[in-house]
Asks: 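Take this structure, written in structure tokens, and hold onto it; I'll ask about it next.
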2 protein chains.
Amino acid sequence: MDINEIARMAGVSRATVSRYLNDGYVSEEKRHMIKKVIDETGYVPSQRAQTLRTGKTKLVGVIIPKISSDSVSRMVQGMTKLFRENGYQIILANTDNDAKAEVDYIKLFSGRNKVDGIILIATVFSAAHIRALEACSIPTVVLGQKLEGQSCVFQDDFHALYEITLSALQHGSKPAFLGVREDDVSAGHQRHEGFMAACKELDIRIPQKNVILGGKFSVDAGYNMTEELIESGADVDTIVCATDNIAFGAITCLREYGRRVPEDVQVTGVGDGTLSQVVSPTLTTVHHYYRESGLEAAKILVDAMNGGTTIAREVRMGYEVRRRRSTR
Amino acid sequence: MDINEIARMAGVSRATVSRYLNDGYVSEEKRHMIKKVIDETGYVPSQRAQTLRTGKTKLVGVIIPKISSDSVSRMVQGMTKLFRENGYQIILANTDNDAKAEVDYIKLFSGRNKVDGIILIATVFSAAHIRALEACSIPTVVLGQKLEGQSCVFQDDFHALYEITLSALQHGSKPAFLGVREDDVSAGHQRHEGFMAACKELDIRIPQKNVILGGKFSVDAGYNMTEELIESGADVDTIVCATDNIAFGAITCLREYGRRVPEDVQVTGVGDGTLSQVVSPTLTTVHHYYRESGLEAAKILVDAMNGGTTIAREVRMGYEVRRRRSTR
DNA sequence: TTGTAAGCGTTATCAC
DNA sequence: GTGATAACGCTTACAA
């Protein structure tokens, strides 16, 4: 059942049917006929053919560093509805934290075959990333990191860490920091800097061994870093962690070493994932508006794909410190 | 740059180029010329046009109940590589546990527009599911549930629960069970039945209040069910949970009520997700081969899409009980 | 307002 | 072995 058949049944040319489906430039009478036939037959235009003809795929590629991450899934949830409402289907491309695969996907998607727009949930940027992004012929929005010259939506990690550290140090004076790789500018560098700025503000000097960087984003990384911290003999009453997962690992480890949380040691995280309210003790953390940032990115992309402005926009999302039981 | 241009540059007809790309029915000499031109230009055929012509999209639709689930992400990981190797791209369709959305996606994907094959990571089956699946014109594999008449790959939840319950009750005699919705046959009904069978085997009678069903798959569901259990005054030394997350919630709750795990109460889960080895105490659980089941499902689907056998196959995956510190 | 006709970039069917 | 040529199902000038 194709457009020709509909045209035949409605007694018009297929061009008229096409117009009915698109411009709408059709007389009331024929419009009626066509509608009737389409309703009866349940005809749906072939997107394949539309795509070939128009060059639009109605697909957006979303590149994610991993499936099964609280922040990623909230971002994706945030964009899903808007894309669907605008007739876009999502192709999720999972790179499993392989930066090279990320670049490959950018190239793949922007090859003349693929999608109308790309959302890149970013972690680190290599030269290859920048090149691929700049060479990219279709609208692209970077999510989760700030990138000069590209439309991007990101969290305000510097101030978030600054504030949560300040908040925790109202009841502590010997902080430590457990961070992730510094080449991840948002989650690594900015969070670290925010922590340091808060300490400086309070005139607290941090012994070098109280800062451990380069961890993975996982619970066991948190466990291991905390163990390292304890074994190094560091004197600590507050552990500021770069992510919730690291904080969970820290709490577990502290417990096994007989330290009470928050009585002996306070712990804070970042992200406010589903677990933070159900672990024991509940976790003081930064609520990042991941869902909303996903929506925001989708808005920008849809706008660009519909031929809207092509100039880059930067959106810095707000945050909120959620005080719970892991701090005093 | 299209096939015509390549043909012109290579001094052959575009039909020959097409043959070179497909059948390979081309003389050595021209084959050489064409290869040279293609290498130089970096020409890649337009999948859009191929799709229009051949009716193949080289896309598979994977319907998942939620992003951000350990089991789902492992299944997806398992299938990703094989699909890629076979030239298929994955469209992940996230339903967020909306059974209706699942049916919609099946219909969407099997409409003449969309994909070459479907993998449905299933939870529950309504009549609408069955109908949509039966009406489905393209190969489909059900993953995570057994379904008569469809190719499916699933875990052996009955025996898994039977075995882990038996194992835990070597050091306990007053078991309770925290389960999920029974209309989820695998994770709900089968796990429940496996538990009951083990109790029966040991001649243990279970007070009704020791069995709580219908929970969500989340940590806080586990917390709440455990609280309900404790508040009901149930006398329990072993809590068998239908999922790891429920077990985490149970452990947290028990701790808050001053019960020691495993000294006072043993806890077991199902799934063996990333957290099970980092929580404290580490979790005794069933390791399900989710990754491998994803791969298996992908194999069956690729086979079917390549015109292999169309008869339904059922694959029941093995499992393994992992004894850790949450049991005695 | 409508229809005719020319593509979009392939692959499949023929003759040669 | 190879090359015309006709589809695949649609959109869009352009002419009517």
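Below, all heavy atoms of this structure are taken into account, side chains as well, without hydrogens, waters or symmetry copies. In the text below, chain A, chain B and the rest are named by the order of the sequence lines, each starting its count at 1.
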Asks: Identify the pairs formed between an N or O of the protein and an N or O of nucleotides 6-8 of chain D at a distance under 3.5 Å, and give each distance.
Replies:
{"residue": "D/dA6", "atom": "N6", "partner": "B/Arg14", "partner atom": "NH2", "Å": "3.0"}
{"residue": "D/dA7", "atom": "N3", "partner": "B/Arg53", "partner atom": "NH1", "Å": "2.6"}

Asks: As a test of reading the structure: which of C/dG3, D/dG9, D/dG3 is closest to the side chain of A/Val12, going by heavy atoms?
Replies: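 Of C/dG3, D/dG9, D/dG3, C/dG3 is nearest to the side chain of A/Val12.
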Asks: Distance-only check: which donor-acceptor pairs under 3.5 Å involve side-chain atoms of residues 28-39 of chain A, not counting sequence neighbours?
Replies:
{"residue": "A/Arg31", "atom": "NH2", "partner": "A/Gly24", "partner atom": "O", "Å": "2.5"}
{"residue": "A/Lys35", "atom": "NZ", "partner": "A/Asp39", "partner atom": "OD2", "Å": "2.7"}

Asks: Quick one, A/Asp303 with A/Lys299, criterion salt bridge (charged side-chain N to carboxylate O under 4.0 Å, His left out). Give me CA distance, side-chain angles, the key distance, then yes/no.
Replies: CA-CA 6 Å; A/Asp303 203 35; A/Lys299 276 184 191 160; over 6 Å; no
Asks: Determine all donor-acceptor pairs shorter than 3.5 Å in which one atom belongs to a side chain in residues 127-140 of chain B; sequence neighbours excluded.
Replies:
{"residue": "B/His129", "atom": "ND1", "partner": "B/Ser126", "partner atom": "N", "Å": "3.0"}
{"residue": "B/His129", "atom": "ND1", "partner": "B/Ser126", "partner atom": "OG", "Å": "2.7"}
{"residue": "B/His129", "atom": "NE2", "partner": "B/Glu102", "partner atom": "OE1", "Å": "2.8"}
{"residue": "B/Thr140", "atom": "OG1", "partner": "B/Ile138", "partner atom": "O", "Å": "3.1"}

Asks: Only counting residues at least two apart or in another chain, list the ones meeting ring pair (Phe, Tyr, Trp, His ring centres under 6.0 Å) with B/Tyr290.
Replies: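 Partners of B/Tyr290 by the ring pair (Phe, Tyr, Trp, His ring centres under 6.0 Å) criterion, ordered by chain and then number, come out as B/His288.
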Asks: Between C/dG3 and A/Thr16, is there an OP1 or OP2 to side-chain N/O distance shorter than 4.0 Å?
Replies: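 So the side chain of A/Thr16 is within the cut-off, an N or O lying under 4.0 Å from OP1 or OP2 of C/dG3.
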Asks: Taking the axis from the first five pairs and the axis from the last five, what angle separates them in the helix from C/dT1-D/dA16 to C/dC16-D/dG1, rounded to 10 degrees?
Replies: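 Axis angle across the helix from C/dT1-D/dA16 to C/dC16-D/dG1, nearest 10°: 40°.
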Asks: Starting at CZ of B/Arg19 and ending at C1' of D/dT2, how long is that distance when rounded to a whole Å?
Replies: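 The answer, rounded to whole Å, is 6 Å.
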Asks: Report which part of the nucleic acid A/Asn22 touches: base, sugar-phosphate, or nothing (heavy-atom distance under 4.0 Å, all strands).
Replies: sugar-phosphate
Asks: Looking at DNA chain D, which of residues 27-36 of chain A put a heavy atom within less than 4.0 Å of it?
Replies: none
Asks: Hey, could you give me the CG/CE distance between B/Asn4 and B/Met9, rounded to the nearest 0.5 Å?
Replies: 13.0 Å
